[in-house]
Amino acid sequence: MVSILEYKSYCEALKSLISADKLLMVVLEEHLAKKLANQTGTILSCVYPSAQDESPDEDTPKDRNVVIISVLEKLSALDNSEESEINLYDRTGIAIDKLKNKLKDDKKNSLGIMKYLDCASIEIEPDYNIAGGWSGYSLAFSFISG
């Protein structure tokens, strides 16, 4: 499995890339909800990786790491118009696209933990009203470490 410290460092660089206000490292949505309490602004949430052993033999360690990264914002209770919602999804969609392109660039340039990114595994999904009213986009993908 990828080093959690190395993964967190990579996520911190992603936070800077999109100018998010806060990085939250989480396990599950319940964990995310707890950490989102009293937060504001744009949040980059990075789920700790799960790993599947793909070693061809005992002498060649190799894991497939699966992660989800989300860019989330909370709609104001005072302004929850359709236009505000569309603008939220536009902002978070642009940010998630920047993150996707960064992952692919790092793979192309054989940089860091994304050196063995599985580009075919990349999925982008919208999120609505998760963890107490946060919405945005999530990016799921896998990469090999070993």
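This structure is a prediction, so every number in the text was calculated from the model and none was measured.
- Here the straight-line distance linking atom OH of Y7 with atom CD1 of I4 works out to 8.0 Å at 0.5 Å rounding.
- With contacts defined as side-chain heavy-atom distances shorter than 4.5 Å, the pair L88/S135 qualifies.
- Taking all atoms of both residues into account, the shortest heavy-atom contact from C119 to K104 is SG-CG, 4.1 Å.
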Pairs of donor and acceptor atoms involving the side chains of residues 26-36, under 3.5 Å and at least two apart or interchain, shall be tabulated with distances.
{"residue": "E29", "atom": "OE2", "partner": "A131", "partner atom": "N", "Å": "3.1"}
{"residue": "H31", "atom": "ND1", "partner": "V27", "partner atom": "N", "Å": "2.8"}
{"residue": "K35", "atom": "NZ", "partner": "M25", "partner atom": "O", "Å": "2.7"}

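- Expressed to the nearest 0.5 Å, how far CD1 of I68 lies from CG of L139 amounts to 9.5 Å.
- Between I43 and W134, the shortest heavy-atom distance links the atoms CG1-CZ3, 3.5 Å.
- For the residue pair E125 and S138, no side-chain donor N or O sits within less than 3.5 Å of a side-chain acceptor on the partner.
- Using a 4.5 Å cut-off between side-chain heavy atoms of Ile, Leu, Val, Met, Phe, Trp and Tyr, with links allowed through other members, L24 and L99 fall into different hydrophobic clusters.
- At a cut-off of 3.5 Å, with distance as the only test, a side-chain donor of N65 or S145 sits close to an acceptor on the other residue.
- Annotation for I124 and K100: closest pair CD1-CD, 4.0 Å, computed over non-hydrogen atoms.
- Atom CG of N38 is surrounded by 12 or fewer heavy atoms from other residues, nucleotides or ligands within 6.0 Å.
- By the 6.0 Å contact criterion, NZ on K107 is enclosed, its count of non-hydrogen atoms from other residues, nucleotides or ligands being greater than 12.
- Ion pairing of E54 with K62 is absent here, as no side-chain N (NZ or NE/NH1/NH2) approaches a carboxylate O to less than 4.0 Å.
- Taken to the nearest 0.5 Å, the CE atom of M114 stands 5.5 Å off from the CG atom of L103.
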**Message:** Could you go through N87 and S84, starting from their C-alpha distance and side-chain angles, then the distance that decides it, and tell me whether this counts as side-chain hydrogen bond (donor to acceptor under 3.5 Å, both in side chains)?
**Reply:** CA-CA 5 Å; N87 288 333; S84 293; 5.6 Å; no

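- Between I122 and L117 the shortest side-chain heavy-atom distance falls below 4.5 Å.
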**Prompt:** Can you check side-chain contact (heavy atoms from CB on, under 4.5 Å) on D63 and Q52, steps first, answer last?
**Reply:** CA-CA 5 Å; D63 290 318; Q52 179 179 350; over 6 Å; no

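- Panel note: side chain Y10, backbone L5; no donor-acceptor pair is recorded below 3.5 Å.
- Closest approach of L44 to K15, counting heavy atoms only: CD2-N, 3.4 Å.
- Under a 4.0 Å N-O distance rule, the pair D118/R64 qualifies as a salt bridge.
- Scanning both residues, G133 and K74, for their nearest heavy atoms gives O-CG, 3.5 Å.
- Under the 4.5 Å side-chain heavy-atom criterion for Ile, Leu, Val, Met, Phe, Trp and Tyr, I94 and Y128 are members of distinct hydrophobic clusters.
- Here the side chain of S3 pairs a donor or acceptor atom with the backbone of E6 at under 3.5 angstrom.
- In this structure, the separation between CD on E12 and CG on L23 is 6.0 Å, given to the nearest 0.5 Å.
- S142 contributes atom OG, which lies 6.5 Å from atom CD1 of I144 (distance to the nearest 0.5 angstrom).
- Side-chain atoms of Y137 and D97 include no donor-acceptor pair closer than 3.5 Å.
- Both Y89 and I96 belong to a common hydrophobic cluster when Ile, Leu, Val, Met, Phe, Trp and Tyr are linked at side-chain heavy-atom distances under 4.5 angstrom.
- With hydrogens and angles disregarded, no donor-acceptor distance shorter than 3.5 Å links the side chain of D90 to the backbone of I86.
- For the 3.5 Å distance criterion, the side chains of S70 and S45 fail to qualify, holding no donor opposite an acceptor.
- Side-chain contact between L72 and T92 is absent, with no heavy atoms from C-beta onward closer than 4.5 Å.
- Counting heavy atoms from C-beta on, the side chains of F143 and V2 come closer than 4.5 Å.
- Between I69 atom CD1 and C46 atom SG the span is 4.5 Å, to the nearest 0.5 Å.
- Taking all atoms of both residues into account, the shortest heavy-atom contact from A95 to V71 is CB-CG1, 4.0 Å.
- Within a 6.0 Å radius of OH in Y116, other residues, nucleotides and ligands contribute 12 heavy atoms or fewer.
- In this structure the side chain of T40 never reaches within 4.5 angstrom of the side chain of D21, judged on heavy atoms.
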